[in-house]
2 protein chains.
Amino acid sequence: MVTLEDVARLAGVSRSTVSRVINGQPHVRAETKARVLAAVERLGYRPHPIARSLATRRTKVVSMLIPESLTKLFSDQFFAILLQGAVHACNTRGYQMVLALFDDPRRQEELYRQLLQNGYVEGAVVASAAPDDPVIQALREDGIPVVAVGKQPGLPYVDVNNYGGARMATEHLLSLGYRRIATITGPLSHLHVQDRLAGYRDALKAHGIPYEEELVVEGGFTEVGAMAAVAKLLPLRPEAIFVQSDTMAAGVMRALRSHGLRVPEDVAVVGFDDIPLASLLDPPLTTVRQPIRLLGFMAVELLVDLLDGHNPGPRENTVLPVELVVRSSCGITRKQFLEKRSEKPFPVKGET
Amino acid sequence: MVTLEDVARLAGVSRSTVSRVINGQPHVRAETKARVLAAVERLGYRPHPIARSLATRRTKVVSMLIPESLTKLFSDQFFAILLQGAVHACNTRGYQMVLALFDDPRRQEELYRQLLQNGYVEGAVVASAAPDDPVIQALREDGIPVVAVGKQPGLPYVDVNNYGGARMATEHLLSLGYRRIATITGPLSHLHVQDRLAGYRDALKAHGIPYEEELVVEGGFTEVGAMAAVAKLLPLRPEAIFVQSDTMAAGVMRALRSHGLRVPEDVAVVGFDDIPLASLLDPPLTTVRQPIRLLGFMAVELLVDLLDGHNPGPRENTVLPVELVVRSSCGITRKQFLEKRSEKPFPVKGET
DNA sequence: CCTAGTTGTGAGAGCGCTCCCAAGACAGGG
DNA sequence: CCCTGTCTTGGGAGCGCTCTCACAACTAGG
């Protein structure tokens, strides 16, 4: 291994001077700098990050935390895309991303300590978890630099307009003439689930349709959970279902099919997320598109800004816009939809 | 921050002794050990990994490398599940996993150096790449400890029985009476793609069916690529298609549908992978199940064994078995299949 | 021409840990 | 009783880097 010392010797200067050159600090004569750079080049010197970290107490390593409650959802394309965005941000900022899955509930505490207390990891992005998730609690208490994906009280976060998206989806169904609209939600402990539910409810209210509790069923964000939810819902004869994730929507469509019902002829379906799966379903799924990759990207950007000491002071939490993508699972073609919309544009309303 | 020094002072011993206790080394009197442990407990001491790394030249950090050519496939559930297995292995072995996506072809070299040369990363798992991928080349040259997922000449690897799986899938279609069987492959530069193609070809040969090159089309492992492949294939009137990945199979089914063809009545389809998506398709996809999670797990296990110096000597490359999962996209129910199989069991043949 | 300020460079003390080596204490064999 | 060996402990030199401080050299103002 070639060290600073070696470079210094070859260039005929001190270690300090080489260090200054490497780190782009001022107060080095141009000629000296050139000599050092030549030596660096010649020896193929690369700074040793560990040694540097020990001295500076910085590692340039952040982590993406997937709480235990989400770990079984990890094969949802949502996470892959989120991760892609997050890693991309790391790449552009010169950081490394360690992926932490709390896969074993019993070792949760241990893994947490190992990772975050005294670890390589300087800060973390935590994927949308319930506010009472043990990991969230620990993060809040420890005061470790962290950015949450999805609204999280007491933590800086990046979120999408869940309320607006859900409202848009529901309004769309309403505008198509559906009245008896059910919804399948994620776990209600998650704030974004509540926001989406509120959007659904307010859309109904705005159209003078009473909110019926039996039409709201929890699907746990899984395909299987959604199928069970459909079974509960079917006796109530819903005309349409707003489903809080595309993965669940896939389950819904499968369940409807197995009950001999057609989509959208018998029941219309709208999802949320717009993961690649959505357009692969039969029929292609109408859904609320959220900018998942951007979500991951911005979360890391925010975190890195925090760590690098840029943009100090109280920062605004970011809420990204969503967009309704009309396909055919709701009984209307995209073309028809666009024509209709040009008549009466739907305003995207923000929240928070 | 509480250091070894602090603990030593409180326990009334030297730094060395505390270090011995912490690392479970012998030659410490039981009574001394107890005193040290008490001090550790009292102060809440946790060793500083960076400092330790600097001294030992070990970091306990490995990386999962996704070559640039695969990065657009990253939202394929395959990778999420692979990653899950890999991280799980890291968790059990006390390692951290950094996720490296080479998302920018121009910065590939730079990211590689940053990560692997002089980085925190001790070794890497590289996801199934073509042998001539620049990352694979660099890895081979640098002699960095690495385990490949998928056969990789010159590198230790973990693979599945691609040949056997493809052969099984094709034989299954043959046994159902299909004669004109097309196949949609991944990029032929990948060895596992070639293995699967060989399995397909040999199955045909074993049944005395001539191999027709026009029936083999490359689909690039993407949904869109597969749809294009179907368009090419359709004029040739295939009765069945063996598709080299489930994601592509989803594209195939979508394309067939848009051409007004039914699955399996008009064209039978068999996939490969058995990702969760497979059972969500309509009709549910018959496919070759590979133990994806185990693949990721074993790759990390192997790598960590290498790093920790266990099991030295020339180690065998691992080839995991696959299994045919019969659903309904091939025109036969699982029940029918099982009945049929009990008459004439199909032998799973391995390779390599 | 003296002083104050600025620029350029080197010395050296860490950062927190490991690990080699020396040395003291004690045991057992001759 | 001495010598060799084993167990137990402490001292201290690193690991490769950063960063403060001191100091020399040079500039410019009065």
Side-chain angles (χ1 to χ4, degrees), chain A residues 1-40 43-61 94 113-114 117-122 307-309, chain B residues 1-40 43-61 94 114 117-122 308-309:
Chain A
M1 149 148 289
V2 29
T3 73
L4 259 198
E5 196 73 51
D6 301 328
V7 176
R9 207 175 311 120
L10 181 60
V13 295
S14 75
R15 224 168 49 248
S16 311
T17 301
V18 179
S19 176
R20 275 193 275 271
V21 172
I22 297 293
N23 295 298
Q25 285 169 12
H27 304 310
V28 179
R29 200 166 17 133
E31 192 261 336
T32 312
K33 187 169 170 182
R35 227 167 55 233
V36 169
L37 253 21
V40 166
L43 296 174
Y45 169 77
R46 327 212 83 231
H48 187 129
I50 304 279
R52 186 178 269 180
S53 291
L54 184 58
T56 58
R57 332 233 58 178
R58 297 292 315 272
T59 61
K60 298 239 170 189
V61 173
R113 304 220 162 285
Q114 196 175 322
Q117 298 188 340
N118 269 346
Y120 291 101
V121 169
E122 286 191 67
L307 294 174
D308 288 353
Chain B
M1 149 147 286
V2 29
T3 74
L4 259 197
E5 195 72 53
D6 302 327
V7 176
R9 205 174 313 120
L10 181 60
V13 296
S14 75
R15 225 167 50 248
S16 312
T17 300
V18 179
S19 175
R20 279 189 203 98
V21 172
I22 297 293
N23 295 299
Q25 284 170 14
H27 304 311
V28 178
R29 202 169 11 136
E31 192 260 336
T32 312
K33 186 168 170 180
R35 226 166 55 235
V36 170
L37 254 19
V40 166
L43 297 175
Y45 169 77
R46 326 213 84 230
H48 187 130
I50 304 278
R52 185 178 270 179
S53 290
L54 184 59
T56 58
R57 330 233 58 176
R58 297 291 317 271
T59 61
K60 297 238 172 190
V61 173
Q114 197 175 321
Q117 299 188 337
N118 269 346
Y120 291 102
V121 168
E122 286 191 67
D308 288 354

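Each chain gets a letter, A, B and so on, in the order its sequence line appears, and its residues count up from 1.
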Q) Quick one: B/Arg9 CZ to C/dC17 P, roughly how many Å, whole number? A) 12 Å
(Q) Taking the minimum atom-to-atom distance to the side chain of B/Ser14, which one of C/dT18, D/dG11, D/dC17 wins? (A) D/dG11
Q) So, for A/Val7 and A/Val2, which heavy atoms are closest and what is the spacing to 0.1 Å? A) CG2-CG2, 4.4 Å
Q: Map B/Gly12 and A/Thr3 onto DNA chain D by nearest heavy atom, then report which one ends up closer to the 5' terminus.
A: B/Gly12
Q. Distance from B/Ile50 atom CD1 to B/Tyr120 atom OH, nearest 0.5 Å?
A. 5.0 Å
Q | Nearest-0.5 Å distance, CZ of residue B/Arg46 to OG1 of residue B/Thr3 | A | 15.0 Å
Q: Would you work out how much the helix from C/dC1-D/dG30 to C/dG30-D/dC1 bends between its ends, with each end axis defined by five base pairs, to 10 degrees?
A: 50°
Q: Specify the separation, in whole Å, of atom OH of B/Tyr120 and atom P of D/dC15.
A: 19 Å
Q) Taking the side chain of A/Leu54 as its heavy atoms from C-beta onward, which of D/dG16, C/dC17, C/dG10 lies nearest to it? A) D/dG16
Q: Look at B/Arg57 and D/dC15 and indicate whether a side-chain polar atom (N or O) is within less than 4.0 Å of OP1 or OP2.
A: no
Q | Stretch residues 26-35 of chain B: residues that reach within less than 4.0 Å of DNA chain D through a heavy atom | A | B/His27, B/Val28, B/Arg29, B/Thr32
Q) What are the two closest heavy atoms between B/His48 and A/Arg57, and how far apart are they? A) CE1-NH2, 2.7 Å
Q. Any idea which heavy atoms bring A/Val21 and A/Leu37 closest together, and the distance?
A. CG1-CD1, 3.4 Å
Q.
Looking at every heavy atom in both A/Ala8 and A/Val18, which two are closest together, and how far apart are they?
A. CA-CG2, 3.6 Å
Q: Whole angstrom is fine here: how far is it from CD in B/Glu5 over to C1' in D/dG10?
A: 12 Å
Q) Which heavy atom of A/Ile22 sits nearest a heavy atom of A/Tyr45, and at what distance? A) CD1-CE2, 3.8 Å
Q.
Rounded to whole Å, please give me the gap between CD1 in A/Ile50 and P in D/dT18.
A. 13 Å
Got a list of protein N/O to nucleotides 19-28 of chain D N/O distances below 3.5 Å?
residue, atom, partner, partner atom, Å
D/dC19, N4, A/Ser16, OG, 3.4

Identify every side-chain donor-acceptor pair in residues 25-32 of chain B under 3.5 Å, counting partners at least two apart or on other chains, and give the distances.
residue, atom, partner, partner atom, Å
B/Glu31, OE1, B/Arg35, NH1, 3.4
B/Glu31, OE2, B/Arg35, NH1, 3.3

**Q.** Nearest-angstrom distance from the residue atom CD1 of B/Ile22 to P of C/dC17
**A.** 9 Å
Q: With sequence neighbours excluded, tell me which residues meet side chain to side chain contact (heavy atoms under 4.5 Å, CB included) with A/Arg58.
A: A/Thr56, A/Tyr95, A/Glu122, A/Leu307, A/Asp308
**Q.** Nearest-0.5 Å distance that lies between atom CG in A/Leu4 and atom OG1 in A/Thr17
**A.** 10.5 Å
Q | Distance, rounded to the nearest Å, where B/Arg52 contributes CZ and C/dC15 contributes P | A | 18 Å
Q. Does B/Arg15 have any salt bridge (charged side-chain N to carboxylate O under 4.0 Å, His left out) partners at least two apart in sequence or in another chain, and if so, which?
A. B/Glu5
Q | Spacing between B/His48 atom NE2 and C/dC17 atom P, to the nearest angstrom | A | 8 Å
